[in-house]
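Report on the following structure.
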Amino acid sequence: MDILFFAHNTHQEKYFNLLKENLPFDIIVKRVNFSICKAKKIDLSKKFQELENKYKGLTLTLYKQYLKIEAPLIYCFYKKTIQKYNPKIIGIWNGIKYPQFMINEFSTKKIYFENGFLPNTTQADCKGVNALNSVPREKEFYEKLNYYQKSLPTTLISRPPVRRLDGSKIDLNKEYVFIPLQVNYDSQIIYFSPWIKSMQQFFEVINSIANEFDFDFIFKAHPSDKVTNYQNLIKKAKKNVLFATNPTQELIKNAKAIITINSSVGIESLLFEKKVITLGDAFYNIKGIVKHATSKEELINILKNLNNWEIDKKLIKNFLGYLYYEYLIPSSWKNPTKEHFKKLTNRINQCLQ
């Protein structure tokens with residue numbers, strides 16, 4: 001058979017079944033379950049790091065013990081299912097997080113799925129998602145393209161917060177740098193943030209340098225973060241360090257610059273021709289498109305020279321155009337269109353080569 005999709009929740013199962021109905025391949029969709037076999041030792045250190053950013057005390061201890069039992073059972077399910085169906089390619093969501101990362105132990109070709117980083121799009125990549133994706137990293141690649149006159153999205157899709165955001169609505173009629181916080185326990189932080197290991201540390205870095213600048217630093221909590229509380233940080237914040245609940249698009253459009261670790265908000269900010277500074281591993285760490293800081297000292301230097309930074313609008317539009325018209329799959333996986341299925345068919349055929 002051609003494709004074996006592993007689904008880890010109802011949303012993934014629904015989407016993969018839609019692909020089964022609409023793609024011209026022999027497809028099987030399997031909801032991940034448990035099985036027993038002789039399993040290899042599974043490295044759970046990154047998953048444990050995620051849990052440590054999320055839980056404390058007895059809950060953390062019990063969760064770790066449970067995963068030590070669960071992980072081999074899921075690994076065995078993967079192993080037996082792959083051996084049974086012998087697919088040409090495996091489809092999996094993300095591929096970095098637990099337990100999907102165990103799929104990478106098998107030599108079968110893969111295609112990885114994730115939310116798109118531009119409005120109403122989906123990622124589908126044979127190599128990986130986010131920092132592991134196959135997007136070219138060379139500035140020269142984008143200089144040769146001709147997308148700078150093509151239209152791009154101008155409205156972001158707002159995400160309703162899973163709980164009340166810490167902070168307040170702020171008057172944005174002043175100079176500020178916008179800092180969209182990420183999910184403290186997300187794989188983007190656990191795997192792809194070499195020197196900022198938590199949002200609390202991110203805050204401490206900014207708070208420690210804020211006095212050196214005559215503009216504000218405005219944070220916004222991530223709408224999907226279910227557990228991180230910023231009230232203690234708000235109390236510690238210097239006069240020009242604030243936490244906002246304003247709409248993200250509004251915060252981007254009025255900002256002097258954006259500082260992010262590796263969030264998709266960095267990509268969205270480029271849509272509005274903003275200066276973007278990254279602190280972590282991001283696939284868009286490309287010379288001429290963003291500036292990248294690997295330490296607090298480098299960040300300070302970039303911020304002190306913001307007014308001398310002239311963005312290359314043509315290069316950025318070529319980069320965004322490549323993402324929007326070539327790399328990303330059109331329409332969200334939540335509401336796939338005929339064009340979605342058509343482009344995904346081509347992408348899977350590329351992965352099979």
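In this structure, the separation between NZ on Lys296 and CD1 on Ile196 is 9.5 Å, given to the nearest 0.5 Å. Once rounded to the nearest 0.5 Å, the distance linking OG1 of Thr154 with NZ of Lys253 reads 8.0 Å. With values rounded to the nearest 0.5 angstrom, Phe203 atom CZ is found 5.0 Å from Leu233 atom CG. Expressed to the nearest 0.5 Å, how far CG of Leu145 lies from NZ of Lys314 amounts to 10.5 Å. Atom CZ of Phe243 is separated from atom CD1 of Ile234 by 5.5 Å, given to the nearest 0.5 angstrom. Distance check: Asp166 CG to Gln231 CD gives 4.5 Å after rounding to the nearest 0.5 Å.
Atom CG of Asn33 is surrounded by more than 12 heavy atoms from other residues, nucleotides or ligands within 6.0 Å. More than 12 non-hydrogen atoms from other residues, nucleotides or ligands lie less than 6.0 angstrom from NZ of Lys343. Within 6.0 Å of atom NZ in Lys88, 12 or fewer heavy atoms from other residues, nucleotides or ligands are found, so the atom counts as exposed in its surroundings. Counting non-hydrogen atoms of other residues, nucleotides and ligands closer than 6.0 Å to NZ of Lys238 gives a total above 12. More than 12 heavy atoms of other residues, nucleotides or ligands shown are found within 6.0 angstrom of NZ on Lys174. Within 6.0 Å of CD in Glu212 there are more than 12 heavy atoms belonging to other residues, nucleotides or ligands.
A salt bridge links Glu52 with Lys64; the closest basic N to acidic carboxylate O contact falls under 4.0 Å. Look at Lys239 and Asp216 and you find no salt bridge, because none of the NZ, NE, NH1 or NH2 atoms lies under 4.0 Å from a carboxylate O. Using a cut-off of 4.0 Å between Lys/Arg side-chain N and Asp/Glu carboxylate O, Glu204 and Lys236 are scored as salt-bridged. Using a cut-off of 4.0 Å between Lys/Arg side-chain N and Asp/Glu carboxylate O, Glu105 and Lys79 are scored as not salt-bridged.
A cation-pi contact, defined as under 6.0 Å to the ring centre and within 45° of the axis, links Lys150 to Tyr325. Cation-pi geometry between Lys54 and Tyr185 is satisfied (NZ or CZ under 6.0 Å from the ring centre, within 45° of the ring normal). Annotation: cation-pi geometry not satisfied between Lys220 and Phe178 (NZ/CZ under 6.0 angstrom from ring centroid, within 45° of ring axis).
Between the side chains of Asp125 and Tyr327, a donor-acceptor pair is found at a separation under 3.5 Å. Counted by atom type alone, Asn262 and Tyr191 present zero donor-acceptor pairs between their side chains at under 3.5 Å. In this structure, a donor-acceptor pair under 3.5 Å is absent between the side chains of Asn115 and Lys334. Counted by atom type alone, Glu250 and Asn246 present one or more donor-acceptor pairs between their side chains at under 3.5 Å.
Phe219 and Phe202 have perpendicular rings, their planes meeting at more than 60° on a 0 to 90° scale where under 30° would count as parallel. Ring planes of Tyr15 and Trp333: perpendicular class, angle over 60° (limits at 30 and 60°).
Aromatic ring centres of Tyr322 and Phe141 lie closer together than 6.0 Å.
Nearest heavy-atom pair across Val227 and Asp225 is N-OD1, 3.1 Å. Of all heavy-atom pairs spanning Leu18 and Phe341, the tightest one is O-CE2, 4.2 Å.
The side-chain heavy atoms of Lys144 and Asn318, taken from C-beta on, include no pair separated by under 4.5 Å.
Residue Tyr98 forms a side-chain hydrogen bond (donor to acceptor under 3.5 Å, both in side chains) with just one option from Glu70, Lys46, Lys47, His8, and that option is Glu70.
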From CA spacing to verdict: side-chain contact (heavy atoms from CB on, under 4.5 Å), Tyr142, Asp312 | CA-CA 11 Å; Tyr142 302 101; Asp312 189 335; over 6 Å; no
